[in-house]
Amino acid sequence: MRVETQLPLGKVDPGLRPADTTVDMRTFGRQAELVERLGFDGLALTETKEDPIVALAVAAERTERIRLSTAVVIAFPRSPTAVALSAWTMSRLSGGRFTLGLGTQVKGHIERRYGVRWSAPGPWIKEYVQAVRAVWRTWQEGVPLDHHGEHYDLTLMNPLFDPGPIEHPDIPVHLAAVRPGMARIGGEVADGVRPHPICTRAYLEEVLRPAVDRGAAAAGRDPGAIEVVASPLIVTAPTERELEARVSDVRARISFYASTRTYRPVFAHHGWDDIAEELSTLSRAQRWAEMERLVSDEMVETIAVVGTHDRIAERVWRRYQGVCSAVEFSLPVNGPADEERMTAEVAAVRRGF
């Protein structure tokens with residue numbers, strides 16, 4: 001199993017309140033060097049508080065081996081041609097180590113945060129990937145740009161705007177997924193699927209992975225060639241007492257996700273419909289402080305991976321082995337002893353227990 005991480009190492013963002021640690025762009029290059037030195041296979045960055053492509057460009061300059069992935073960048077507010085160019089540039093800069101992870105986001109954010117008209121996300125993202133690849137094909141093979149779909153008609157590529165072929169043109173595309181329809185589309189047109197952090201082992205095995213396989217089979221592709229990259233909510237601390245204090249952060253994060261209808265299938269799969277509906281009501285009323293108390297210990301244990309530092313690596317591996325090909329994982333690193341421990345834990349997750 002490949003092991004990736006996000007920065008800061010070991011962070012848990014509660015979502016409903018400020019996180020204890022945030023990405024420091026002034027030291028991002030040095031942090032990326034540390035990720036590579038610790039033996040990770042990849043560094044991923046999600047579009048929340050930083051632009052992931054800009055940040056990963058910094059990391060590309062400071063690393064030589066690790067894969068650099070947007071996990072994810074939001075597609076719909078951006079032209080597929082603009083994203084194609086960013087990815088093309090990143091592939092050249094990184095020597096072919098870049099993976100373009102795309103996400104759709106929910107309707108409210110697309111309309112009210114990005115100011116873009118909403119449309120059914122499944123057909124839209126499928127065409128989006130096809131449009132990006134049409135642009136790449138024009139640049140690499142010199143064929144006319146000729147993509148026509150419901151959302152995009154792309155036919156113009158003047159020499160001034162054509163960067164031409166590159167050494168590593170086969171840029172992997174991953175799609176974020178929480179519902180089976182999106183997972184199926186990932187199997188049809190993408191190189192990998194990145195399940196949402198709330199996706200439990202049971203949901204992955206019984207819903208998402210079969211959907212990926214169906215999509216790949218329908219498109220005449222090998223289902224085993226589609227990567228599935230887990231990005232779990234991890235709760236860890238040196239001792240059991242300290243662990244209890246950290247659980248509050250992930251409990252708040254789960255309550256935030258449960259209040260969003262797009263993520264409801266995971267909660268419904270486990271019989272938590274009523275709790276999710278109550279959390280939606282509290283969210284609409286902006287009663288954020290009351291939401292966390294509705295998330296039970298069972299929900300935390302099922303959705304998140306919880307354990308002290310000496311147990312968390314094995315628990316992460318056991319949660320995802322056999323169903324995912326890669327996993328995001330890290331612990332806080334604040335000195336040489338932590339670096340030594342993290343190096344050993346990464347190696348342990350990769351080889352298995």
Side-chain angles (χ1 to χ4, degrees), residues 1-6 40-47 52 66-73 75 97-105 121-122 125-126 128-129 170-234 257 262-263 265-266 269-270 302-305 313-330 346 348-353:
M1 185 181 294
R2 288 190 307 99
V3 186
E4 298 184 351
T5 190
Q6 297 213 23
F40 285 97
D41 298 295
L43 172 62
L45 196 61
T46 300
E47 184 179 351
I66 55 174
R67 184 164 77 168
L68 306 169
S69 306
T70 57
V72 294
V73 68
R97 294 183 288 126
F98 180 68
T99 294
L100 176 63
L102 298 171
T104 59
Q105 251 302 350
I125 197 66
K126 181 176 180 178
Y128 195 100
V129 174
D170 297 324
I171 302 168
V173 177
H174 288 188
L175 295 184
V178 67
R179 291 174 176 260
M182 192 62 67
R184 177 182 53 78
I185 290 169
E188 287 183 33
V189 302
D191 303 288
V193 171
R194 290 181 175 262
H196 193 277
I198 61 168
C199 293
T200 65
R201 169 97 192 190
Y203 190 78
L204 287 167
E205 282 188 312
E206 298 165 17
V207 179
L208 279 197
R209 183 74 238 197
V212 172
D213 294 349
R214 287 195 300 272
R221 308 174 72 202
D222 175 12
I226 311 300
E227 282 196 279
V228 178
V229 183
S231 55
L233 296 174
I234 295 175
Y257 288 138
T262 299
Y263 308 136
V266 178
H269 191 73
H270 289 274
T302 304
I303 294 172
V305 186
E314 182 175 2
R315 291 186 178 183
V316 167
W317 180 80
R318 293 197 183 283
R319 175 70 62 90
Y320 297 105
Q321 60 89 19
V323 69
C324 294
S325 49
V327 63
E328 291 179 11
F329 166 68
S330 69
V346 169
V349 174
R350 184 186 291 113
R351 68 173 181 265
F353 288 81

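All residue numbers refer to positions in the sequence shown, counting from 1.
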- Validation row: T70, F98 side chains within 4.5 angstrom (heavy atoms): yes
- Do the rings of Y263 and H196 sit parallel, tilted or perpendicular, given the 30° and 60° boundaries? tilted
- Message: Test your reading of the model: is there a side-chain donor-acceptor pair from R2 to the backbone of S325, 3.5 Å cut-off?
- Response: no
- Item | NZ/NE/NH1/NH2 to OD/OE distance under 4.0 Å, E188 and R184 | yes
- Item | side chain to side chain donor-acceptor pair (under 3.5 Å) between T302 and H270, worked out | CA-CA 9 Å; T302 304; H270 289 274; 5.4 Å; no
- Side-chain donor/acceptor of R201 to backbone N/O of R319, under 3.5 Å: yes
- Query: Counting N and O atoms only, with roles assigned by atom type, does the side chain of D191 sit under 3.5 Å from a partner on the main chain of V173, one being a donor and the other an acceptor?
  - Reply: yes
- Query: Are any of the side-chain heavy atoms of P195 and V228 separated by less than 4.5 Å?
  - Reply: yes
- Where the side chain of R179 meets the backbone of T262, is there a donor-acceptor pair that is under 3.5 Å apart? yes
- Query: Heavy-atom distance under 4.5 Å between the side chains of M182 and P121, does that happen here?
  - Reply: yes
- Note on the structure: Taken in chain and number order and not counting sequence neighbours, the residues that satisfy ring-ring contact (aromatic ring centres under 6.0 Å, His included) with F40 are none
- Query: So, does R209 use its side chain to make a donor-acceptor pair with the main chain of C324 at under 3.5 Å?
  - Reply: no
- Measure from the side-chain N and O atoms of T46 to the backbone N and O of A71, and report whether any donor-acceptor pair falls under 3.5 Å. yes
